[in-house]
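Only one structure is covered here, and it is reproduced in the block below.
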2 protein chains.
Amino acid sequence: MSPNPNGPPVPPALSPEQQGTWFAYMRVMLRLGYEMNRQLQTDSDLSLPDFDVLNALADSPDGRLQLTGLATRLAWERSRLSHHLQRMSARGLVERSPSATDRRATDAVLTDAGRAALTAATPGHTDLVRRMFFDGLDPALLPALRTALEQVHEQVLVHGTLPRPGQPQRRLPGLEPAG
Amino acid sequence: MSPNPNGPPVPPALSPEQQGTWFAYMRVMLRLGYEMNRQLQTDSDLSLPDFDVLNALADSPDGRLQLTGLATRLAWERSRLSHHLQRMSARGLVERSPSATDRRATDAVLTDAGRAALTAATPGHTDLVRRMFFDGLDPALLPALRTALEQVHEQVLVHGTLPRPGQPQRRLPGLEPAG
DNA sequence: GGAAGCTACATGACATGTCACCCAATCCGA
DNA sequence: TCGGATTGGGTGACATGTCATGTAGCTTCC
């Protein structure tokens with residue numbers, strides 16, 4: 001009982017090589033996430049989400065970013081970010097500050113304490129990344145790995161449901177599917 | 001003010017090539033996780049964690065696995081798994097059943113409904129993986145990507161804090177740091 | 001310039017995950 | 001074979017994430 005006697009609108013399954021690659025990816029993602037979380041929590045009293053937020057802000061001009069942009073960059077729900085910033089600001093790591101250009105909008109701003117926490121946490125985190133990710137990796141594979149990941153990233157940006165980060169988030173007229 | 005005037009016990013920073021690779025990895029991980037979650041939730045009423053559990057069980061003999069082994073395989077805390085299985089069993093997707101070999105232990109067992117849910121969800125998920133991950137990837141890079149990910153996985157297994165999956169979880173005597 | 005609709009964000013209720021601690025079964029050495 | 005240490009798992013309190021909804025500011029178009 002073939003699912004479709006008339007030929008293939010049915011998507012083809014993954015090839016064995018693709019499946020192997022995918023499983024490897026998932027395993028790395030699960031374990032590495034666990035280890036990163038654990039290390040940051042233990043050594044720096046930061047969760048991995050905390051760390052991601054701090055990094056995104058530190059990487060932005062004036063350590064400041066509007067919430068929607070930050071959420072997009074992190075691939076978070078906005079309400080998650082809103083809750084999370086509330087907790088982080090209670091700990092003094094970030095502040096909320098009204099946007100200069102849009103009175104609806106709020107910017108998240110890195111505080112000095114937040115920057116200090118990031119600075120303190122970074123070496124240990126980097127060290128873990130090097131040990132867990134790069135030290136076991138054949139250096140000859142590095143360029144291919146990077147290119148592959150960048151291709152995948154681009155693909156997710158193009159076909160995913162989230163807007164491209166750092167892009168105006170407004171829906172542009174005339175781009176809806178024709179009616 | 002160099003951090004260490006006497007030479008480098010200070011870990012070297014990542015090379016630019018490594019940093020680029022790492023950022024690409026993190027971006028893929030964040031966005032792809034978001035998209036997978038969303039797709040499964042929308043199309044199949046399963047979260048990505050649900051799906052991971054179902055897959056792990058379906059992939060085990062008799063659709064049955066002891067909790068600790070399952071937790072290790074998923075890189076989850078055991079208590080998280082315990083809570084999660086409670087919810088999944090309330091939905092009829094899995095059952096708990098006492099282990100045959102260890103009276104402390106509990107096995108998670110896939111129910112027929114669980115297997116059916118997995119079967120129903122898999123094509124859509126696979127399709128998303130193919131579109132988001134493989135369709136934008138130069139096939140020539142696939143073998144290198146796979147090898148690289150497998151090397152990283154092995155590295156995380158060796159240097160991580162979790163036991164290797166499918167391994168006896170007992171701490172072996174004589175392996176403690178010497179006193 | 002004003003109504004309709006959209007965007008930015010907050011919030012409260014609820015789902016999920018973590019942490020500290022619990023007990024029972026097993027293991028191991030004396 | 002007894003006793004402590006270890007392991008397997010559960011649980012309740014609390015931290016975190018999601019969903020539905022509310023409000024205010026922006027934009028568009030007449």
Sidechain-backbone polar pair: A/S99 side chain, A/T101 backbone, donor-acceptor under 3.5 Å: yes
Which residue lies more 5' along DNA chain D, comparing A/W76 with A/T101 via nearest heavy atoms: A/W76
Side chains of B/D50 and B/S47, donor plus acceptor under 3.5 Å: yes
Rounded distance (Å) that lies between atom [atom2] of [N] and atom [atom1] of [X]:
X      : N      : atom1 : atom2 : answer
B/N37  : C/dG17 : CG    : C1'   : 14 Å
A/Q66  : C/dA10 : CD    : P     : 11 Å
B/L46  : C/dT16 : CG    : P     : 11 Å
A/R103 : C/dT7  : CZ    : C1'   : 15 Å
A/D102 : C/dC6  : CG    : C1'   : 12 Å
A/D107 : C/dA10 : CG    : P     : 11 Å
A/L74  : D/dG17 : CG    : P     : 11 Å
B/L67  : C/dA25 : CG    : P     : 16 Å

Results of side chain to side chain contact (heavy atoms under 4.5 Å, CB included) for A/R80 - residues two or more places apart only: A/P49, A/W76, A/E77
Strictly below 4.0 Å: does [X] bring a side-chain N or O up to OP1 or OP2 of [N]?
X      : N      : value
B/R87  : C/dA15 : no
B/T106 : D/dG8  : no
A/R96  : C/dA10 : yes

Salt bridge or not for [X] and [Y], using N-O below 4.0 Å?
X      : Y      : answer
A/D59  : A/R73  : yes
A/R164 : A/E154 : yes
B/D112 : B/R115 : no

Stretch residues 77-86 of chain A: residues that reach within less than 4.0 Å of DNA chain C through a heavy atom: A/R78, A/S79, A/S82, A/H83, A/Q86
B/T72 side chain reached by A/R31 side chain, heavy atoms, under 4.5 Å: yes
Upstream residue (5' side of DNA chain C) when B/D50 and A/Q41 are each assigned their closest nucleotide: B/D50
Any donor-acceptor N/O pair under 3.5 Å between C/dT26 base and B/R104 side chain: no
